[in-house]
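What's counted below: heavy atoms across the whole structure, side chains too, no hydrogens, waters or symmetry copies. Letters go in sequence order (proteins before strands), and every chain restarts at 1.
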Number of protein chains: 2
Amino acid sequence: MVRAGLTAERVTLAAAELADEAGLDQVTMARVASRLGVKDASLYSHVRGLEDLRGRVALLAADEKTLRIAEATVGRAGKDALVAFADAWRDYAHRHPGRYAATQIRITIDPELAARAPGPRRAVELTYGVLRGYGLAEPDLTDAVRLLRSTFHGFVALESAGGFGHERAPQRSWERALDALHATLTHWPSARDGDPS
Amino acid sequence: MVRAGLTAERVTLAAAELADEAGLDQVTMARVASRLGVKDASLYSHVRGLEDLRGRVALLAADEKTLRIAEATVGRAGKDALVAFADAWRDYAHRHPGRYAATQIRITIDPELAARAPGPRRAVELTYGVLRGYGLAEPDLTDAVRLLRSTFHGFVALESAGGFGHERAPQRSWERALDALHATLTHWPSARDGDPS
DNA sequence: AGTTATAACCTAGGGCTCCTAGGCGAGCAA
DNA sequence: TTGCTCGCCTAGGAGCCCTAGGTTATAACT
């Protein structure tokens with residue numbers, strides 16, 4: 001009998017590929033195992049269970065997405081950096097819908113495993129890096145980071161859930177949203193300026 | 001044998017309550033049935049299956065959320081209406097996490113059933129109503145609607161997934177986001193004003 | 001009131017899921 | 001060559017979704 005040479009990483013990668021091709025809900029132990037030429041029970045030597053596997057896919061996706069964003073934004077600043085950041089985010093979600101969906105799941109990840117993953121921490125650093133050019137200081141910086149992440153994630157989630165009708169290309173709306181975010185960051189009100197219009 | 005008096009509506013409501021209490025993934029035919037004092041096979045007279053049931057929960061949630069927003073925004077205009085709209089959205093998501101999660105699922109709803117549900121159409125009308133005060137015209141209106149929905153949904157999704165650290169109260173960031181959206185809508189650039197900063 | 005028809009709820013069971021327990025043998029170390 | 005480790009196996013339990021077919025409560029009609 002030839003051994004398959006499984007590792008936690010290979011199992012996670014197979015699950016991620018399956019998620020992108022067939023949807024996250026189609027990721028079952030049996031299907032991942034069959035893709036690796038193995039029985040489902042064999043996976044439990046490498047992965048604690050289905051929930052653990054999903055968590056690993058989520059961590060993988062976070063790392064990959066962060067890497068793409070880092071590559072896209074390196075050497076850029078200002079609106080250039082903002083657009084590159086946002087486009088890389090959206091592009092990753094489009095290219096890897098299953099992996100991206102895994103990141104949306106309420107977190108039930110092995111803390112020890114999560115601590116070793118560089119993705120989330122690095123993602124925060126990158127976001128702060130983009131905002132550095134806009135001259136914001138805490139706590140405005142935190143608020144701005146949250147606004148950016150909310151807008152990017154919300155747009156991508158609605159778009160891929162079919163939440164936008166077909167009357168206008170999402171690309172145009174995306175560009176306008178980025179214009180709006182750039183303007184918002186440029187003129188961020190550093191103090192409350194009550195405008196009860 | 002006493003009959004339980006089930007209807008599709010009662011089954012959907014039980015599923016929605018279970019989703020809010022235990023999480024959407026805990027909504028199984030068996031658990032919904034037991035909550036109604038019935039065997040799982042009995043539900044299939046009223047509901048086509050689990051996917052259909054989830055779709056009905058999603059439709060219920062959309063209708064309820066729209067209703068709350070309508071109540072909150074009636075008689076308001078401008079930023080007042082924007083804030084009421086957004087707060088009602090976020091409040092619904094907080095109060096009914098399971099129902100809200102159901103609305104995020106990639107749509108696989110019986111089209112005939114969906115056509116009878118007033119929620120989605122009414123939601124679009126309400127959003128356009130809020131924007132009326134800002135004097136936008138198509139296609140800017142569509143772009144603005146998408147920006148609002150993206151920001152609201154993205155913020156709520158990240159917030160309830162634990163995506164924000166604990167270093168600053170989300171409420172503050174939410175208020176700043178609404179300030180930013182109000183400013184964006186007030187000064188919406190009706191033509192492209194390329195600012196390659 | 002008695003009869004009939006509808007349909008609400010049941011039991012039984014198939015095929016799928018995740019997961020555990022225990023066994024065999026492949027390939028490495030001595 | 002011998003022996004050990006551990007990678008992958010088979011077997012099986014519990015629970016999932018769903019279908020088929022049987023009972024029987026209830027509503028409708030004479």
When you get a sec, tell me which of [options] is the closest nucleotide to the side chain of [X]?
X: B/V38; options: C/dC19, C/dC9, D/dC18; value: C/dC9
X: A/D40; options: C/dC18, D/dC8, D/dC17; value: C/dC18
X: A/L50; options: D/dC18, C/dC10, C/dC18; value: C/dC18
X: A/Y44; options: D/dT10, C/dC19, C/dC10; value: C/dC19

Protein-nucleotide distance ([X], atom [atom1]; [N], atom [atom2]), rounded to Å:
X: A/E51; N: C/dT17; atom1: CD; atom2: C1'; value: 15 Å
X: A/L43; N: C/dC18; atom1: CG; atom2: P; value: 10 Å
X: A/K39; N: C/dG23; atom1: NZ; atom2: C1'; value: 17 Å
X: A/L6; N: D/dC6; atom1: CG; atom2: P; value: 16 Å

- Task: Look at the side chain of A/R76 and the backbone N and O of A/A72, then say whether any donor-acceptor pair between them is shorter than 3.5 Å.
- Result: yes
- Task: Kindly say if A/H46 contacts the phosphate of D/dC8, meaning a side-chain N or O under 4.0 Å from OP1 or OP2.
- Result: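 Looking at the OP1 and OP2 atoms of D/dC8, one of them is under 4.0 Å from a side-chain N or O of A/H46.
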- Query: Reckon A/S42 has a side-chain N or O less than 4.0 Å from the OP1 or OP2 of D/dC9?
  - Reply: yes
Return all side-chain donor-acceptor pairs below 3.5 angstrom for residues 11-24 of chain B, not counting sequence neighbours, or 'none' if the list is empty.
unit_1, atom_1, unit_2, atom_2, d
B/T12, OG1, B/A8, O, 2.7
B/E17, OE1, B/R35, NH1, 3.1
B/D20, OD1, B/G98, N, 2.9
B/D20, OD1, B/R99, N, 2.9
B/D20, OD2, B/H96, ND1, 2.9
B/D20, OD2, B/R99, NH1, 2.5
B/E21, OE1, B/R35, NH2, 2.5
B/E21, OE2, B/R35, NH2, 3.4

- Considering only heavy atoms, which members of residues 24-32 of chain B lie under 4.0 Å from some atom of DNA chain D?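 Contacting residues: B/T28, B/M29, B/A30.
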- Please check if B/L60 and B/L6 belong to a single hydrophobic cluster, counting links between Ile, Leu, Val, Met, Phe, Trp and Tyr side chain heavy atoms closer than 4.5 Å. no
- Salt-bridged, A/E159 to B/R146, with N to O below 4.0 Å? no
- Query: Taking atom types as modelled, is there a side-chain donor on B/W174 or A/D143 under 3.5 Å from an acceptor on the other?
  - Reply: no
- Task: Consider only side-chain N and O atoms of B/R90 and B/Q171, and report whether a donor and an acceptor are under 3.5 Å apart.
- Result: yes
